[in-house]
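Structure first, then comments.
Since the structure is predicted, the reported quantities are computational estimates derived from the model, not experimental observations.
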Amino acid sequence: MEKTQPSSFLMVCLGNICRSPLAEGILQEKARAAGLDWKVDSAGTTSYHIGEAPHHLSQKVARINGVDISQQRARRFNADDFQRFDKIYAMAGDVLDQIRRIAGRQYDPAKVELFLNELNPGRNEDVPDPWYGPEPGYHDVYKLIDAAADKIIEKYSSNV
Ligand code: 4NP
């Protein structure tokens with residue numbers, strides 16, 4: 001049991017253009033709607049897409065669902081993120097390995113969780129990477145992330 005409820009959340013994937021921008025936008029919107037004063041951000045473990053807006057299909061599925069992620073810009077995950085965030089969610093197992101490697105001595109296992117373990121505890125499932133596929137994959141990813149984000153709101157919105 002954590003002593004205080006987390007209020008800052010970092011969503012991490014590889015490129016920070018497909019999955020984690022959706023996770024950031026969806027959780028931010030749900031937190032806002034629930035009246036929670038949360039900080040939500042996202043980052044990628046690779047540097048290929050730094051400074052880019054989210055993938056156009058991530059933007060599209062978000063927009064269809066009433067979430068605007070168009071202003072986000074990709075940045076790289078860094079070790080100091082462990083000082084800046086209470087919870088760090090990895091979208092997949094390979095991302096978790098990279099987070100551990102990049103963070104080095106700042107790695108804190110108590111802060112890190114596989115994102116889908118909030119939806120299906122203990123199953124260690126990955127959010128599939130829609131990057132190489134067509135639009136339906138982005139809709140599937142949206143639904144998964146949306147369901148897990150509901151669980152996060154449920155779990156951490158009870159203050160006192
Ligand atoms: P993301 O998808 O990690 O969900 O943003 C990817 C985007 C780009 C690449 C890999 C995954 N890439 O290798 O460029």
Side-chain angles (χ1 to χ4, degrees), residues 6-36 38-78 81 84-103 111-157:
S7 62
S8 55
F9 301 82
L10 182 66
M11 328 307 279
V12 188
C13 63
L14 295 175
N16 194 204
I17 55 167
C18 297
R19 293 166 292 180
S20 62
L22 283 173
E24 175 187 338
I26 291 169
L27 189 64
Q28 206 159 51
E29 175 53 27
K30 287 182 189 295
R32 190 201 59 75
L36 297 163
W38 282 4
K39 175 169 85 170
V40 184
D41 193 12
S42 65
T45 56
T46 68
S47 43
Y48 305 131
H49 299 281
I50 290 172
E52 290 180 22
H55 190 281
H56 70 99
L57 289 174
S58 284
Q59 291 197 44
K60 180 179 175 181
V61 296
R63 194 168 55 243
I64 287 169
N65 287 281
V67 177
D68 180 6
I69 62 170
S70 64
Q71 299 308 306
Q72 293 184 29
R73 295 296 177 264
R75 73 167 177 92
R76 187 157 190 245
F77 172 79
N78 64 80
D81 284 320
R84 300 175 52 226
F85 293 93
D86 300 328
K87 291 290 294 183
I88 296 177
Y89 284 113
M91 294 295 121
D94 55 352
V95 175
L96 186 54
D97 293 341
Q98 292 293 315
I99 288 173
R100 197 180 287 116
R101 189 183 59 76
I102 293 167
K111 289 191 171 184
V112 184
E113 183 60 275
L114 271 175
F115 183 68
L116 284 188
N117 276 349
E118 297 291 11
L119 182 64
N120 301 314
R123 287 206 217 155
N124 295 334
E125 292 168 346
D126 293 349
V127 178
D129 191 345
W131 168 245
Y132 296 103
E135 183 170 334
Y138 287 79
H139 290 276
D140 294 344
V141 161
Y142 190 97
K143 286 187 205 119
L144 266 180
I145 291 174
D146 190 69
D150 278 337
K151 295 289 186 186
I152 292 170
I153 294 282
E154 218 173 274
K155 184 173 180 178
Y156 293 125
S157 61

- request: Taking all heavy atoms of Ile153 and all of Ala31, pick out the closest pair and write down the distance.
  value: CD1-N, 3.6 Å
field: Any pair counted as salt bridge (Lys or Arg N to Asp or Glu O under 4.0 Å), so long as it reaches residues 40-51, sequence neighbours left out
entry: Asp41-Arg75
Any residue meeting salt bridge (Lys or Arg N to Asp or Glu O under 4.0 Å) with [X], in chain and number order, not counting sequence neighbours:
X	answer
Asp150	Lys30
Glu52	none
Arg101	none
Glu135	Lys60

Could you pull out all residues at least two apart from [X] that satisfy side-chain hydrogen bond (donor to acceptor under 3.5 Å, both in side chains)?
X	result
Tyr142	none
Arg73	none
Lys111	none
Asp140	none

- prompt: How would you list, by chain and number, every residue that makes a side-chain contact (heavy atoms from CB on, under 4.5 Å) with Asp97, sequence neighbours excluded?
  reply: Arg100
task: Could you pull out all residues at least two apart from Asp68 that satisfy side-chain contact (heavy atoms from CB on, under 4.5 Å)?
output: Ser70
For residues 126-133, please give each side-chain donor-acceptor pair under 3.5 Å, one per line with the distance, not counting sequence neighbours.
residue	atom	partner	partner atom	Å
Asp126	OD1	Gly93	N	2.9
Asp129	OD1	Trp131	N	3.1

message: Quick one, Arg19 with Leu14, criterion side-chain contact (heavy atoms from CB on, under 4.5 Å). Give me CA distance, side-chain angles, the key distance, then yes/no.
response: CA-CA 9 Å; Arg19 293 166 292 180; Leu14 295 175; 3.7 Å; yes
